[in-house]
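Report on one structure; see the data block that follows.
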Amino acid sequence: MQKIRLRRSLDSSPILEDFHPVLARVYAARSIRSADEVEYNLVRLLHYQSLKNIEQAAVILSTALMQQNRFLIIGDFDSDGATSSALAVGALRSFGATQVDYLVPNRFEYGYGLTPEIVALALATKKPDLIITVDNGITSHAGVEAAKKAGLQVIITDHHLPAASLPAADVIINPQLLADTFPSKNLAGVGVIFYVMLAVRQALRECRWFHKLTRPEPMMLQFLDLVALGTVADLVPLDYNNRLLVHQGLQWIKAGKARHGIYALLKLAKREVDRLTASDLGYSVAPRLNAAGRLADMSLGVACLLADDVNKAHEFASQLHHLNEERRTIEADMQREAFSILAQLAADKLLTKGVCLFDTHWHQGVIGLLAARITERFHRPSIICALSHQGDEIKGSARSIQGVHIRDVLAIMATREPTLMVSFGGHAMAAGFTLRRDAFTDFSKLFQQVLDEQMDDDLLQGKYYTDGELQPVDFCLHLAELLRYQAGPWGQGFPEPLFEGHFNLLAQRLVGNRHLKMTLGLAGSSLQVDAIAFHVNLEHWPNHRVEQITITYRLDANRYQGRKKLQLVVETLEAA
């Protein structure tokens with residue numbers, strides 16, 4: 001689907017005059033109004049105290065730790081859940097807890113969150129005194145009830161939107177709670193549990209639990225690599241506080257102080273630690289970690305992050321890498337089938353405001369990725385469904401576009417047809433649900449009906465924004481490295497700079513079978529610059545009849561045989 005290209009504001013604030021002019025323009029377009037907003041010193045981190053219920057949770061957890069009770073962490077089966085689980089386990093152990101374990105529900109057997117079934121498994125195999133949920137639990141009414149009946153304490157830490165009623169846990173910490181005054185509502189699950197552990201450490205400190213010789217107080221900095229990874233992977237908006245957390249986590253990784261599992265995953269992804277960016281975590285590390293939860297069991301991912309031995313970490317990372325290769329193959333097959341269906345619908349002018357597809361052969365663990373690909377390609381809310389592992393229910397994953405709050409759409413549907421969905425939950429842009437085996441047709445019809453009511457047609461017109469054109473003097477390594485490696489972290493809600501321009505196409509050739517390597521000339525200048533467009537449409541490129549092109553691109557510094565050279569990484573490409 002053709003998208004409209006728009007320019008962000010090209011005006012920069014006088015307050016940003018100490019920055020490179022292009023960077024000042026980029027920052028101003030992202031509503032940065034002072035240098036303080038891109039100063040990521042830890043002293044500026046939001047304090048934990050404004051998180052509702054956090055000090056109550058800290059008292060319960062610190063008391064349980066000093067009594068050496070048995071802790072069990074129940075996590076989600078994605079990267080945010082894995083990093084949250086590893087952080088909770090690692091922090092409690094560093095505080096001196098001797099009985100800390102974790103359990104990640106296998107999505108195919110137990111589904112999402114703290115369910116009565118996972119509580120029964122925990123009681124039978126782990127025998128905990130206290131359960132902490134990380135990145136889940138806010139909708140786990142039945143699971144919390146089962147745990148409380150068994151005499152367990154339950155603390156929920158989550159960041160997903162709560163329903164009208166809350167589970168009867170001992171304490172719930174979630175910045176989305178009503179009357180919570182924490183200034184940032186965008187914490188990922190790993191950010192929430194990081195703040196909880198900050199509060200627990202303070203409570204232990206006040207009880208004089210730590211001792212310089214026998215039980216030294218741990219530095220919480222050591223967990224920021226996990227916070228950075230989970231925050232980027234979960235695609236939460238990078239507001240100032242999240243950017244600070246990600247920046248500090250990246251610095252910790254670059255300094256060689258992170259955990260072995262992250263370095264092992266980076267090595268397999270062929271990413272250089274000294275040039276690490278937030279996008280490397282999101283596009284290279286997170287998919288390998290997520291592969292465990294999608295195809296097998298995320299316990300493997302948690303084990304990789306907790307490994308205290310280099311060889312063991314590499315072994316776990318290699319298993320994750322192979323699972324990710326398998327995931328790619330499965331996803332590619334599903335994508336071909338889905339895109340074929342949608343191409344026919346588009347040709348017949350039958351494409352509706354929302355996509356809702358179901359195939360009994362599709363893999364439950366990959367439906368979220370497919371929904372995201374369809375939303376990106378067709379720019380409309382998309383739902384992909386597959387049979388549950390047992391085959392008695394349908395699992396669905398939804399992705400949305402700006403202007404359509406997908407969890408609210410599901411909530412409206414649940415209000416109108418209370419028996420249609422077994423369960424649902426999520427965010428504005430992503431959600432998941434479970435249906436009865438016979439309910440897909442009715443669900444799909446109601447989905448389209450609600451979208452017809454809630455969506456204006458202009459929301460279907462995709463838009464993307466650029467930061468305008470660059471002057472010849474701006475095509476230099478200094479600016480490329482400044483934007484990519486020093487000025488971030490870039491990510492969700494704080495996008496990496498994207499520029500546009502018209503160029504003379506001086507040379508072009510394919511590399512790696514699918515990538516178009518080009519030499520470009522800037523009109524009105526003697527400047528020549530290298531460029532590369534990844535995964536081009538081979539039906540259109542290379543095209544030696546084309547002499548001028550219009551592109552959107554990012555500046556990058558390409559390293560080859562020990563030399564650095566400016567390169568444009570092309571996002572969109574069309575003949576001028």
Side-chain angles (χ1 to χ4, degrees), residues 36-37 39-67 71 73 80 83-84 87-92 94-97 130-138 153-162 166-167 169-210 216-228 230-231 234 236-249 252:
D36 288 346
E37 295 177 66
E39 171 58 49
Y40 302 124
N41 193 300
L42 274 171
V43 298
R44 298 176 180 271
L45 188 69
L46 290 173
H47 200 278
Y48 65 78
Q49 284 178 326
S50 59
L51 268 167
K52 185 177 180 180
N53 303 327
I54 195 167
E55 292 186 335
Q56 182 185 352
V59 169
I60 293 173
L61 290 171
S62 59
T63 301
L65 190 148
M66 289 186 289
Q67 293 174 350
F71 293 89
I73 313 302
D80 190 12
T83 52
S84 298
L87 193 153
V89 171
L92 289 170
S94 74
F95 296 161
L130 187 152
I131 285 176
I132 307 171
T133 75
V134 291
D135 192 33
N136 68 62
I138 198 64
Q153 288 182 295
V154 180
I155 292 180
I156 291 174
T157 73
D158 202 349
H159 69 123
H160 295 92
L161 292 171
L166 298 173
D170 291 84
V171 184
I172 300 175
I173 303 94
N174 183 335
Q176 304 289 350
L177 289 179
L178 192 66
D180 188 290
T181 60
F182 191 72
S184 170
K185 303 302 179 186
N186 298 317
L187 284 177
V190 70
V192 177
I193 192 62
F194 175 72
Y195 270 99
V196 170
M197 291 301 151
L198 282 176
V200 173
R201 185 185 63 168
Q202 179 60 28
L204 291 168
R205 179 187 291 162
E206 292 172 359
C207 292
R208 302 185 182 278
W209 171 254
F210 299 115
E217 181 177 313
M219 280 197 316
M220 294 303 288
L221 270 173
Q222 66 180 297
F223 300 108
L224 287 178
D225 55 346
L226 293 171
V227 177
T231 299
D234 214 46
V236 293
L238 293 189
D239 60 14
Y240 175 77
N241 201 62
N242 277 341
R243 293 200 304 276
L244 193 161
L245 289 168
V246 172
H247 172 83
Q248 290 289 340
W252 194 254

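All values derive from a computational prediction rather than experimental measurement.
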Task: Set of residues satisfying side chain to side chain contact (heavy atoms under 4.5 Å, CB included) with respect to Glu206, sequence neighbours excluded - done: Gln202
Task: Met220 side, atom CE; Ser94 side, atom OG - distance, nearest 0.5 Å - done: 6.5 Å
Open item on the list: Looking at Asp80 and Gly189, would you say the former's side chain and the latter's main chain have a donor-acceptor pair under 3.5 Å?
Closed with: yes
Task: Atom pair OG/CE of Ser84 and Met197 - distance to nearest 0.5 Å - done: 10.5 Å
TODO: Could you tell me which non-hydrogen atom of Pro175 sits nearest to which non-hydrogen atom of Val192, and how far apart they are?
DONE: CD-CG2, 3.7 Å
Task: Any residue meeting side chain to side chain donor-acceptor pair (under 3.5 Å) with Arg201, in chain and number order, not counting sequence neighbours - done: none
TODO: With sequence neighbours excluded, tell me which residues meet salt bridge (Lys or Arg N to Asp or Glu O under 4.0 Å) with Asp234.
DONE: none
Open item on the list: Quick one, Thr157 and Tyr195 - any side-chain contact, counting heavy atoms below 4.5 Å?
Closed with: no
Task: Check against side chain to side chain contact (heavy atoms under 4.5 Å, CB included), Leu87 and Val134 - done: CA-CA 10 Å; Leu87 193 153; Val134 291; over 6 Å; no
- [ ] Would you list the pairs meeting salt bridge (charged side-chain N to carboxylate O under 4.0 Å, His left out) in which at least one residue belongs to residues 180-200, sequence neighbours left out?
- [x] Asp180-Lys185
Task: For Pro216, all residues meeting side chain to side chain contact (heavy atoms under 4.5 Å, CB included), sequence neighbours excluded - done: none
TODO: Apply side chain to side chain contact (heavy atoms under 4.5 Å, CB included) to Glu55 and Gln49, showing your working.
DONE: CA-CA 7 Å; Glu55 292 186 335; Gln49 284 178 326; 3.5 Å; yes
- [ ] Mark yes or no for whether Gln56, through its side chain, and Asn53, through its backbone, hold a donor-acceptor pair below 3.5 Å.
- [x] no
Open item on the list: My understanding is that only residues two or more places apart in sequence, or in another chain, count here; which of them pass side chain to side chain donor-acceptor pair (under 3.5 Å) with Asp239?
Closed with: Ser184, Asn186
Task: Distance, nearest 0.5 Å, that separates OG1 of Thr181 from CG of Leu51 - done: 8.0 Å
Open item on the list: Within the 4.5 Å heavy-atom criterion, are Trp252 and Val227 side-chain neighbours or not?
Closed with: no
Task: Glu39: partners by side chain to side chain donor-acceptor pair (under 3.5 Å), with sequence neighbours left out - done: none
Open item on the list: To the nearest 0.5 Å, what is the distance between CZ on Phe194 and CG on Leu45?
Closed with: 6.5 Å
Task: Check: Ile73 and Ile193 side chains under 4.5 Å, non-hydrogen atoms - done: no
Task: Of all pairs that satisfy salt bridge (charged side-chain N to carboxylate O under 4.0 Å, His left out), the ones with a partner from residues 40-54, not counting sequence neighbours - done: Asp36-Arg44
Task: Listed partners of Tyr40 passing side chain to side chain donor-acceptor pair (under 3.5 Å), at least two apart - done: Arg243
Open item on the list: Do Asn242 and Leu187 make a side-chain contact, defined as non-hydrogen atoms from C-beta onward lying under 4.5 Å apart?
Closed with: yes
- [ ] Identify the two heavy atoms, one from Ala199 and one from Ile54, that lie closest to each other, and give their separation to 0.1 Å.
- [x] CB-CG1, 3.8 Å
Open item on the list: I'd like to check Ile155 versus Val196 (side-chain heavy atoms, cut-off strictly below 4.5 Å). Are they in contact?
Closed with: no
Open item on the list: List the residues meeting side chain to side chain contact (heavy atoms under 4.5 Å, CB included) with Ala97, not counting sequence neighbours, and say none if there are none.
Closed with: Leu65, Phe71, Leu92, Val100
Task: Point-to-point distance, once rounded to the nearest 0.5 Å, from CD1 of Ile138 to OG1 of Thr133 - done: 8.0 Å
Task: Non-hydrogen side-chain atoms of Ile60 and Leu130 separated by less than 4.5 Å - done: yes
- [ ] Determine which pairs satisfy ring pair (Phe, Tyr, Trp, His ring centres under 6.0 Å) with at least one residue from residues 42-67, sequence neighbours left out, and list them in order.
- [x] none
- [ ] Examine distances only and state if a side-chain atom of Asn174 and a backbone atom of His160 form a donor-acceptor pair shorter than 3.5 Å.
- [x] yes
Open item on the list: Any non-hydrogen side-chain atom of Met66 less than 4.5 Å from a side-chain atom of Leu204?
Closed with: yes
Task: Pairing residues for Ala169 by the side chain to side chain contact (heavy atoms under 4.5 Å, CB included) criterion, not counting sequence neighbours - done: Val144, Val154, Ile156, Ile172
Task: Gln248 CD to Phe223 CZ distance, which is reported to the nearest 0.5 Å - done: 15.5 Å
